[in-house]
Structure formats: C-alpha cells, structure tokens
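For reference, the structure discussed in these notes is given below.
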Amino acid sequence: MAIQPVSFNNYSNYQKPSFKANNGNYENPISRSSERNLAILGSIGGSTLVGIIAGMGSRVFDSIKASGWKYPTLIGAVAGLATLALTLPSKLYNTKVNAYAREKEMDVFSRQKSAQSNIYENIDDEVKDENVSLDDKINHYATVKMADNGNGIMVKGV
C-alpha cells in the first residue's frame with residue numbers, strides 16, 4: 001500500500017493515498033495480524049488499568065494499608081490478570097470476526113472499482129473507434145453513468 005504522509009512544506013507534490021499494488025490491482029488494506037495485535041494491546045492496557053484501580057482501592061482498608069505496598073500490589077496483579085484472562089478471548093474472537101467481515105467488504109469494493117475501471121476503459125476504446133455510431137456511443141456511456149448513479153431501471157427501445 002503506497003500511503004505517504006502529508007507534507008505541508010511542499011503541498012504541490014502531495015500524492016493522494018492509493019490502495020493499488022504495483023501490479024495495478026487494488027490491495028486490501030485490512031491486516032488481520034495488526035487487528036489482533038491491537039486487540040491484545042488494548043486488552044493488556046485495560047487489564048493494567050483495572051489492576052491499578054484495584055490495588056489503589058484496596059489501600060482504603062486499614063489492615064491492608066498497614067502492610068505497605070506488598071498486598072495492594074498483589075491484589076492489583078491478581079485483578080489485572082483475572083481481567084485479562086476473562087476479556088482477551090472474547091476480544092480476540094470479535095476482532096477476528098470483524099476483521100474478516102471488513103476484509104470481505106474491502107474485497108467487494110476492490111472488485112467493484114476494478115470492474116468499473118474496465119468498463120470505462122471499454123467505453124473509452126469505443127469512443128475512439130470510428131466505426132461505432134455516435135448514438136451507440138452516447139447510449140452506452142449514458143447506460144454506464146446511470147448504473148454508477150444508482151438508477152438501475154432504464155427503459156430502452158429496441
């Protein structure tokens with residue numbers, strides 16, 4: 001994927017982000033491994049936060065406060081690990097399902113853009129062909145434009 005950062009110093013050379021691979025076909029930007037890694041990182045961060053809150057909350061009790069930081073640290077670690085053990089499998093499953101669905105949506109989008117590009121190339125070749133009548137050229141172009149705009153019903157005379 002050829003995505004480049006925006007350069008405010010030289011905006012005239014800025015190129016729009018492109019999801020096309022080197023071979024000209026559209027590339028799917030959804031990566032299951034990065035989605036999984038982000039879910040793991042988020043779950044670890046949330047569990048750490050729960051552990052810190054549980055450890056600090058346990059210092060309210062006088063019997064634990066007298067022991068120093070040994071027991072609150074242990075309570076926080078247990079709470080964090082328990083939270084991680086309970087939330088991580090669910091997050092990983094949901095991330096896998098959502099990444100698969102988004103990947104398939106992007107595949108459909110990529111195929112649609114490729115097909116649309118091919119149709120427009122064919123119409124362009126037809127426009128350059130001198131043997132095709134002007135009425136046929138206009139009719140084919142109008143049909144494709146109506147399909148692009150979502151006007152699927154078109155009554156054509158034979």
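Just so it is clear, the model here is predicted, and its values are computed rather than measured.
No continuous path of hydrophobic side-chain contacts links Val50 to Leu84 [ILVMFWY only; heavy atoms under 4.5 Å].
The distance from the CG atom of Leu88 to the NZ atom of Lys91 is 8.5 Å, given to the nearest 0.5 Å. To the nearest 0.5 Å, atom OG1 of residue Thr83 and atom CD1 of residue Ile44 are 12.5 Å apart. Taking OG of Ser33 as the start and CG of Leu38 as the end, the distance is 9.5 Å to the nearest 0.5 Å.
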(request) For the pair Asp135 and Asn139, evaluate side chain to side chain contact (heavy atoms under 4.5 Å, CB included) and give the outcome as yes or no after the intermediate values. (result) CA-CA 6 Å; Asp135 289 337; Asn139 190 16; 6.0 Å; no
(message) Set out, in order, the CA-CA distance, both residues' side-chain angles and the distance that settles side-chain hydrogen bond (donor to acceptor under 3.5 Å, both in side chains) for Thr95 and Asn98, then state yes or no.
(response) CA-CA 5 Å; Thr95 300; Asn98 291 339; over 6 Å; no
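Using modelled atom types, one finds no donor on one side chain facing an acceptor on the other under 3.5 Å when comparing Asn37 with Ser34.
Distance alone, capped at 3.5 Å, places no donor-acceptor pair between the Lys137 side chain and the Asp124 backbone.
Residues Glu35 and Lys96 have side chains not in contact (no heavy-atom distance under 4.5 Å, counting atoms from C-beta outward).
Looking at every heavy atom in both residues, Ala54 comes nearest to Ala79 through CB-CB, 3.6 Å. Across every non-hydrogen atom of Pro89 and Ala85, the tightest pair is CD-O, 3.4 Å.
Enclosure of atom OH in Tyr120 by more than 12 non-hydrogen atoms of other residues, nucleotides or ligands within 6.0 angstrom is indicated.
Evaluation of the side-chain hydrogen bond (donor to acceptor under 3.5 Å, both in side chains) rule for Thr87 yields Ser43 as partners, not counting sequence neighbours.
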